[in-house]
Protein chains: 2
Amino acid sequence: MGKKAPTISDIAKLANVSIATVSRVLNNTNYPVKKEVREKVLKIAKELNYKPNIFSKMLKGGMSREIGVIIPSITNPFYAQLISAVEKECINRDYVPIVCSSYNSSKLEKKHLDMLLQKQVAGMLISTINTSKTFLKSLSSYNMKFVLFDQNYEDLEYDSVSFDFYKSSYLAVEYLIKCGHKDIAFLTAPIDRKSRKMIYKGYKQALRDNGLRFNRKRVVISSIKDMEFQGEREYENGKKLVKMLLKSETLPDAIVAINDMTAIGIIKELMSNKIDVPNDISVIGFDNISIGEMINPSLTTMHQPAYKTGTLAAKMLLDRIEGKEIENNKIILQPTLIERNSVKKIHIKLRR
Amino acid sequence: MGKKAPTISDIAKLANVSIATVSRVLNNTNYPVKKEVREKVLKIAKELNYKPNIFSKMLKGGMSREIGVIIPSITNPFYAQLISAVEKECINRDYVPIVCSSYNSSKLEKKHLDMLLQKQVAGMLISTINTSKTFLKSLSSYNMKFVLFDQNYEDLEYDSVSFDFYKSSYLAVEYLIKCGHKDIAFLTAPIDRKSRKMIYKGYKQALRDNGLRFNRKRVVISSIKDMEFQGEREYENGKKLVKMLLKSETLPDAIVAINDMTAIGIIKELMSNKIDVPNDISVIGFDNISIGEMINPSLTTMHQPAYKTGTLAAKMLLDRIEGKEIENNKIILQPTLIERNSVKKIHIKLRR
DNA sequence: AAACACACAGTAAACGTTTTCTTTATAATA
DNA sequence: TATTATAAAGAAAACGTTTACTGTGTGTTT
């Protein structure tokens, strides 16, 4: 209780050998050490419950086994899922993740970045809003290994695990159209990042490709600044978006929501205005967070594989850190449609 | 790009002073240093973008600014919320939390504990299933500061922020009874931890105190072993519990679910069996996670303040670490009822 | 028998700090 | 003027490792 932790030289003394020998035994180097000596040292180390002091190890230039992770918010179930995968992968390979939520504040993001840099983490997993080249360049100028995830970075030179948001959005809108919907609105939070831009682009293109007119009046953008609790904020934002939408003269047939959390807020608010989902209005989201299945009506959505993203990103980073060969350092995951009950099928002209 | 980080002696050389002086300036000690020298050193440090090497600092016995946090699972929104509070409090006071999910595996819990111990974190925030005295004693035998949270630890000597589960459960059942329900079932995951025991106890006692017979047949216990994704598991477990319940000859009036996530699974499964909530069966949960408000019907539940728990626990720990006075080191938070739409009011004999 | 290779072990330097101990110059006091 | 206190700064030890360098014996090759 309160005693000082045993050191390598405590062991050395008890075993009547030099600290060098102890170090060699404990590190299992291929430097030859007599069997009996080795065993003796090992035994004493165990008895003393010796734990190496990582700080001195690090000081000698050892590699940290910490992985910095920067995400928007742990409160968002999408990221919670992703982190859970990252954590698992890290623990398996004996690293420990340090996860930092930036709450979409670049000030906080910078602070976390500095902290992680100072800690000399072995690598970083980063999902940032700030996808500007200069930012990314400055990031890579510290010789720190990192892989970007979640956002679209396909045009850049860095390791990344991203997602085909454009296609996802295109498919979602196409699905709505196939279900017989014509007047399709797009409700979204500020289009401030690549992923949202892609979704917006996909929405417009799918409309046009299917002979529907893009109507700027049908895109409703709210402004959320303070993202304290992202999950709940996005939900609240969904409600707010519906209130904005209800001010227009006519209602659309269907709504494309920027993500599931927003979609759920949208459905909730529609319902409490006696507008039935999907009978009066259909709603489709993006992400496929687990809540989508739990609510009533269950949410039709585009699956974005959070867990897989986490696993792949962590794998890629750890492989890079350990100098392993990396076959594909720019993974782009593909969307799949999760058909549930928030979209009404007006025609049965759907083909499988 | 790839250059070695500047050290204190780089600064010393450039400033033509000794490293001791540089250290004194940088640490802002009250050891006298000439103003011009001080400014010169500061200027050079800034120019070099000097960051102290924490490892050597720690090696010299400095205090770590890391806080270890052990929770069951980050995937559970209750803990996500709690962690978010902890993170905020820590960052504000310039600490960095390292959160570890144990997934209810004591092996993993042990591993994390060892890792945190080795890292010599400044303190720990712990929610463990293993509330045995011997475990807690061994924990405190490392001279490590920690505060326990979330579980019930009121009979022990350690710092803790807990919650009155007994009262919460008692109030929940009492509420159901006041709403006119008589046949009240209890659906739960294994009663393997203090909090669940307390909830069970409160359930039984409230029944008896209100002249209702406790019927062992009305408590349904599932067994979930592998808790990989706790959140979803508990949801699935809710569904499973309903399947078990449906095997009995009669259905109860109301269900007390061990927590919100389970309650939501229960509601979902009831609905898909054409059993309406709350008209056919009422359901009440515990936790008040945000999803409860989002689903349909919205979930009536006992509020357990996750965010507050996180804030208070982190505050208490950091105060302890910094040697501040602590007024109350055994905080027990009180429950409040959140009335929503998953409980039917049969009589209007409710008084406010 | 000389030369060499190798198993085995210890010494000491180095990593980047903090801090104790000296040292020197200057100002304050007797 | 002699003594003492204090400001200012440097030298060096220490924190716990790893590792390059130095030795020793012992066995193997010429």
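Each chain gets a letter, A, B and so on, in the order its sequence line appears, and its residues count up from 1.
- Taking only side-chain nitrogens and oxygens, T21(B) never comes nearer than 4.0 Å to OP1 or OP2 of dA9(D).
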For residues 312-328 of chain B, please give each side-chain donor-acceptor pair under 3.5 Å, one per line with the distance, not counting sequence neighbours.
unit_1: D319(B); atom_1: OD1; unit_2: R93(B); atom_2: NH1; d: 3.3
unit_1: D319(B); atom_1: OD1; unit_2: R93(B); atom_2: NH2; d: 2.8
unit_1: R320(B); atom_1: NH1; unit_2: D159(B); atom_2: OD1; d: 2.7
unit_1: R320(B); atom_1: NH1; unit_2: D159(B); atom_2: OD2; d: 2.7
unit_1: E322(B); atom_1: OE1; unit_2: R93(B); atom_2: NH2; d: 3.0
unit_1: E322(B); atom_1: OE1; unit_2: K324(B); atom_2: NZ; d: 3.4
unit_1: E322(B); atom_1: OE2; unit_2: Y95(B); atom_2: OH; d: 3.0
unit_1: N328(B); atom_1: OD1; unit_2: K330(B); atom_2: N; d: 2.9

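- D10(B) comes within 4.0 angstrom of no nucleic acid atom, judged by non-hydrogen atoms across all strands.
- N28(B) has its CG atom 12 Å from the P atom of dT18(C), to the nearest Å.
- Nucleotides of DNA chain C nearest to S56(B) and R24(A) differ in position, and the one nearer the 5' end is that of R24(A).
- Distance from the side chain of L59(A) is smallest to dG16(D) among dA9(D), dA11(D), dG16(D).
- Distance I8(A) CD1 to dA14(D) P: 18 Å, rounded to the nearest Å.
- Distance, N27(A) CG to dT18(D) P: 4 Å, rounded to whole Å.
- Contact between the side-chain N/O atoms of S23(A) and the OP1/OP2 oxygens of dT17(D) is not found at any separation under 4.0 Å.
- Atom-to-atom, CD1 of I54(A) to C1' of dC15(C) comes out at 16 Å; the value is rounded to the nearest Å.
- dT18(D) atom P lies 15 Å from atom CZ of F55(B), rounded to whole Å.
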Side-chain donor-acceptor pairs under 3.5 Å in residues 8-17 of chain B, sequence neighbours left out?
unit_1: S9(B); atom_1: OG; unit_2: T7(B); atom_2: OG1; d: 3.0
unit_1: D10(B); atom_1: OD2; unit_2: T7(B); atom_2: N; d: 2.8

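- If you take CD1 of I11(A) and P of dT17(D), they are 8 Å apart, rounded to a whole angstrom.
- Between the P atom of dC15(D) and the NZ atom of K57(A) lies a distance of 19 Å, rounded to the nearest Å.
- For the pair I19(B) CD1 and dA9(D) C1', the interatomic distance rounds to 13 Å; values are reported in whole Å.
- For DNA chain D, the residues of residues 33-45 of chain B within the heavy-atom distance limit of 4.0 Å (strictly under) are V33(B), K34(B), V37(B), sorted by number.
- No donor-acceptor contact under 3.5 Å links the side chain of K60(B) to the base of dT17(C).
- Comparing dG10(D), dG10(C), dC8(C) against the side chain of S18(B) picks out dG10(D) as the nearest.
- Between Y31(B) and dG10(D), a side-chain N or O to OP1/OP2 separation shorter than 4.0 Å is absent.
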